2 protein chains.
Amino acid sequence: MAKNTAAAAARASGGGVTRQERRSLRQEAAVNAAVRLAERDGAAGLSMRKLAQELDLDVTVLYRLFRDKDELLLALCERTIELALDEIGEVPGAEPWQDTVRRVAEATWEVQNRLPVTTALTFARTTGGPAERRMVELLLSCFTRSGLAPERAVLFYLTFIDTALGLCAHAASLSSLNPENRAKDDTTWTRVYARLPEGDHPITRTHADELARVSRKAIYDTAVEAILTAAERAATG
Amino acid sequence: MAKNTAAAAARASGGGVTRQERRSLRQEAAVNAAVRLAERDGAAGLSMRKLAQELDLDVTVLYRLFRDKDELLLALCERTIELALDEIGEVPGAEPWQDTVRRVAEATWEVQNRLPVTTALTFARTTGGPAERRMVELLLSCFTRSGLAPERAVLFYLTFIDTALGLCAHAASLSSLNPENRAKDDTTWTRVYARLPEGDHPITRTHADELARVSRKAIYDTAVEAILTAAERAATG
DNA sequence: ACCTGAACACCGTTCAAGT
DNA sequence: ACCTGAACACCGTTCAAGT
């Protein structure tokens with residue numbers, strides 16, 4: 001749905017495809033290929049050369065579509081937000097603001113889960129693009145509907161989105177380590193913490209099993225609910 | 001204080017410096033130089049070659065101190081935790097658990113602020129090393145003291161630490177972008193969002209000033225307090 | 001005006017050849 | 001046994017030379 005926007009625009013405009021529209025189409029194709037490449041080969045596997053090869057282009061053509069690799073990354077960031085917005089779909093107008101925020105949290109997690117490498121590469125960026133703008137408007141409308149004064153609404157909006165993205169990036173950057181490093185990291189709780197010597201770290205030792213059992217999604221949900229509750233209390237209190 | 005641990009151990013053991021101790025000393029020197037290099041030249045500037053050069057070593061010697069670059073990064077991660085522990089200092093035994101958690105949050109932010117590049121490079125890793133183990137024990141002792149059952153104590157501990165690290169990494173990865181990209185990102189709120197056309201995004205438009213005014217530290221504090229409150233309520237409720 | 005290949009200055013990592 | 005330089009297979013990015 002988010003895909004082929006430029007194509008649709010081109011067709012709607014009545015036949016003649018301008019240079020600008022062809023450029024947009026090629027950029028979108030490049031973004032699609034970049035996501036595929038990143039998820040298949042990992043963060044280190046997404047190189048300008050390999051992407052060009054995948055698209056049957058010379059690298060320098062890619063450099064005319066995107067000024068540099070950073071601009072490609074910003075386009076990837078926009079794409080992840082587009083996917084989240086697609087995932088969210090239409091929001092019932094009468095829905096309580098908290099539930100809309102929860103929808104956004106779910107959709108963002110879903111995208112992180114599906115595209116961990118892309119998420120890890122882009123989580124901390126601000127694009128200023130159309131998808132990001134729609135997302136900002138959607139979330140700000142929730143936090144203002146809650147009854148918070150502008151200053152507080154903005155503070156809680158940013159706390160929510162940065163926390164959600166930070167935790168998604170945390171989860172994503174684990175899933176996007178090389179297999180061996182991933183395994184090294186993943187099993188640390190049981191490998192190291194369950195086998196601590198008797199005397200040291202008594203509390204950690206008795207909690208090692210629980211530590212290995214907690215899922216990243218449970219952590220994410222706990223953080224999201226904590227921030228929602230804090231916003232509610234700030235609004236009504 | 002965290003530095004020269006190996007040196008102290010070597011001297012205490014009575015004169016003869018073993019191969020193992022010399023190795024530890026060289027690893028520590030490498031970590032120190034790596035932090036300096038990363039903060040001076042950015043994440044892309046921390047390469048095995050440049051680090052070896054900085055230490056007047058052949059690259060391959062570096063590869064005998066650390067199996068690969070990832071092992072160096074884990075050592076950097078340990079170092080950031082050591083610095084946070086130094087920052088925390090002695091914790092008064094009778095201190096309310098919430099205040100101890102706040103100390104940890106402050107110290108972690110402080111380190112992020114001082115070493116953004118190193119923080120951004122390492123935030124999502126689990127090292128299983130001694131500094132990390134001390135930090136886990138300290139924080140778990142807080143969340144169990146709060147009266148939470150083991151399962152919940154662990155859930156809130158992980159929610160706290162992952163949220164704190166995620167937000168620190170968010171802030172850090174902004175401070176560690178190349179100057180131009182950083183500027184591009186930083187001013188987006190005023191550059192793009194304050195100039196939105198009248199019709200679209202009305203809520204964002206009216207909040208653009210506030211959005212540009214919120215500091216990353218305020219966001220961090222809001223998230224930390226929200227999680228502390230949620231933990232308190234789960235413990236007493 | 002557009003495309004192209006070669007080049008520049010780097011990477012992480014390995015290994016045969018030296019002392 | 002330890003150290004070393006050169007090499008391999010890559011990077012992002014640029015630019016002169018072609019059509």
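Chain letters run A, B, ... following the sequence lines, proteins first, then strands; residues in each count from 1. Please read these numbers as outputs of a predicted model, since none were measured by experiment. Note: hydrogens, waters and symmetry copies are ignored here, and every other heavy atom, side chains too, is used.
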Between [X] ([atom1]) and [N] ([atom2]), how many Å, whole number?
{"X": "B:Leu62", "N": "C:dC11", "atom1": "CG", "atom2": "P", "result": "13 Å"}
{"X": "B:Arg22", "N": "D:dC2", "atom1": "CZ", "atom2": "C1'", "result": "12 Å"}
{"X": "B:Leu37", "N": "C:dC11", "atom1": "CG", "atom2": "P", "result": "9 Å"}
{"X": "B:Leu57", "N": "D:dT4", "atom1": "CG", "atom2": "C1'", "result": "12 Å"}
{"X": "B:Gln53", "N": "C:dC11", "atom1": "CD", "atom2": "C1'", "result": "14 Å"}

Could you tell me which residues satisfy salt bridge (Lys or Arg N to Asp or Glu O under 4.0 Å) with [X], sequence neighbours excluded, listed by chain and number?
{"X": "A:Glu137", "answer": "none"}
{"X": "A:Arg26", "answer": "none"}
{"X": "B:Asp209", "answer": "none"}
{"X": "A:Arg195", "answer": "none"}

Please report, to 0.1 Å, the donor-acceptor pairs under 3.5 Å made by any side chain of residues 154-162 of chain A, with sequence neighbours excluded.
from, atom 1, to, atom 2, distance (Å)
A:Thr159, OG1, A:Leu155, O, 2.7
A:Asp162, OD2, B:Arg216, NH2, 2.4

May I have all residue pairs that pass ring-ring contact (aromatic ring centres under 6.0 Å, His included) and include part of residues 17-61 of chain A, sequence neighbours excluded?
none

Paired stems touching DNA chain C, three or more consecutive Watson-Crick or G-U pairs with both distances under 3.5 Å?
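Correct response: C:4-8 with D:12-16, C:12-16 with D:4-8.
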
Kindly assign one of parallel, tilted or perpendicular to the pair A:His170 and B:Phe123, based on the angle between their ring planes and the thresholds 30° and 60°.
perpendicular

Span that lies between the P atom of D:dA9 and that of C:dA9, in whole angstrom
22 Å

Pairs flagged by salt bridge (charged side-chain N to carboxylate O under 4.0 Å, His left out) wherever residues 52-66 of chain A is involved - sequence neighbours left out:
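The answer is A:Arg40-A:Glu54.
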
Per-nt protein contacts along nucleotides 12-19 of chain C (heavy atom under 4.0 Å; B base, S backbone sugar-phosphate only, - none) come out as BBBB----

